Amino acid sequence: MSPSLDPALAQALDQLALARPLLLASDYDGVLARLRDDPAAAVPEPGVGDLLARLAAVDGVTVALVSGRGVADLQATSGLTGPFRWVGSHGAEFDGPLTGDLAVRRDELAAALAPMVEAVPGARLEHKPAGAAVHVRTAADRSAAARLLADVAAGPGADPALTAKPGKDVLELAVTDADKGSALVRLRDELGARAALYLGDDVTDEDGFRALSPDGVTIKVGDGDTAAAHRVPDLDGVRAVLERLVGALRA
Ligand SMILES: O=P(O)(O)OC[C@H]1O[C@H](O[C@H]2O[C@H](CO)[C@@H](O)[C@H](O)[C@H]2O)[C@H](O)[C@@H](O)[C@@H]1O
């Protein structure tokens, strides 16, 4: 059974459910899927895909997945197939895959990062559509892991043409300045949404929380400072939010 929600959040969700058009947006890793050592193993929590599909089937409701992952990776890893809006690469993939003109800078960036990552056992370089991410979750030497992230930030990451996207055991450098906040506002405006919700757990989700404040229902998953108006402790709390919305929308 899902945990009960804070009364203020429950009331905000019930109120939100009355609005049309309505945008329901969520981050993926750490929100809909538990964090794993292997990013390819981060599949949705049981039942979450069904809840999202039920919400997306309601007239006037759009469900959007807004992730740091590339859209192709997000679709393949999640296995989700609902009629969702897919926004990937922290907002850089909005209308489909990125065009080729960014590819050269992205590939040069990955080439510069590769020897730094190879020098730290367990660290991993992820090649992404709009940049490259240095992952240290599986680096056993935590000092070396922290040093690598600091060196990446101070070295290649100091290039003003790049945007740093810090996250959980990861530092991504992106060749665009897209962010989740701008993507959410664009989506909300395109839909003419009268109300919007965003669920997120990580640093890059704060752009989304700030962009939808003060009117949106913004929900931080887990601990830490946040600009979100509400909080749930974990992924069971996320399921409780989705279930509450399904009930309120009678989806
Ligand atoms: O914006 P999100 O949907 O939260 O995506 C953020 C990054 O998620 C992935 O990395 C994170 O999750 C992995 C799987 O649990 C974990 O191994 C890693 O330590 C986390 O940082 C993904 O690999 C990145 O591309 C996303 O940017």
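Worth saying up front: this structure is predicted, and the values here are computed from it rather than measured. All ligand and atom numbering here is 1-based and tracks the order in the structure. Scope of the values below: all heavy atoms of this structure, side chains included, with no hydrogens, waters or symmetry mates.
Counting protein heavy atoms only, atom 19 (O) of ligand 1 is closest to Arg137 NE, 2.6 Å.
Where the criterion is an N or O separation shorter than 3.5 Å, residue side chain and backbone included, Glu126 meets it with respect to ligand 1. Every N/O-N/O distance between Val66 and ligand 1 stays at or above 3.5 Å. Remark: ligand 1 and Asp205 share no N or O pair separated by less than 3.5 Å (distance only, no angle test). On a distance-only criterion, Arg36 and ligand 1 share at least one N/O pair closer than 3.5 Å.
Residue-ligand proximity, Tyr28 to ligand 1, at heavy-atom distances under 4.0 Å covers atoms 3 (O). Close contacts of ligand 1 with Asp27, meaning ligand atoms under 4.0 Å from a residue heavy atom, involve 1 (O), 2 (P), 3 (O), 4 (O). The atoms of ligand 1 that sit less than 4.0 Å from any heavy atom of Leu35 are 12 (O), 15 (O). Short contacts between ligand 1 and Ser67, defined as distances under 4.0 Å to a heavy atom of the residue, involve ligand atoms 1 (O), 2 (P), 3 (O), 5 (O). Close approach of ligand 1 to Glu172 is summarised as follows: ligand atoms under 4.0 Å from at least one heavy atom of the residue are 27 (O).
Put simply, the side chain of Arg34 never gets that close to the backbone of Leu235: no donor and acceptor are under 3.5 Å apart. Side chain of Lys180 to main chain of Gly200: no donor-acceptor pair is present (N/O by atom type, distance under 3.5 Å, no hydrogens or angles). Between the side chain of Asp179 and the backbone N or O of Ser182 there is at least one donor-acceptor pair closer than 3.5 Å.
Within the 4.0 Å heavy-atom cutoff, Thr204 does not count among the residues contacting ligand 1. Under the 4.0 angstrom criterion for non-hydrogen atoms, Lys165 is not in contact with ligand 1.
Here Arg142 pairs with Asp169 in a salt bridge; the nearest charged N to carboxylate O distance falls below 4.0 Å. A salt bridge links Asp95 with Arg186; the closest basic N to acidic carboxylate O contact falls under 4.0 Å.
With a heavy-atom cut-off of 4.0 Å, Asp37 touches ligand 1 through its backbone alone. Residue-level proximity to ligand 1 for Val170 is carried by the side chain, the only part with a heavy atom below 4.0 angstrom.
In the candidate list Asp169, Val31, Val134, Asp29, Asp29 is nearest to atom 7 (C) of ligand 1, counting heavy atoms. For atom 21 (O) of ligand 1, the nearest non-hydrogen atom from the set Lys168, Lys128, His90 belongs to Lys168.
A cation-pi arrangement, defined by a distance under 6.0 Å to the six-membered ring centre and an angle within 45 degrees of its axis, is absent between Arg69 and Tyr28.
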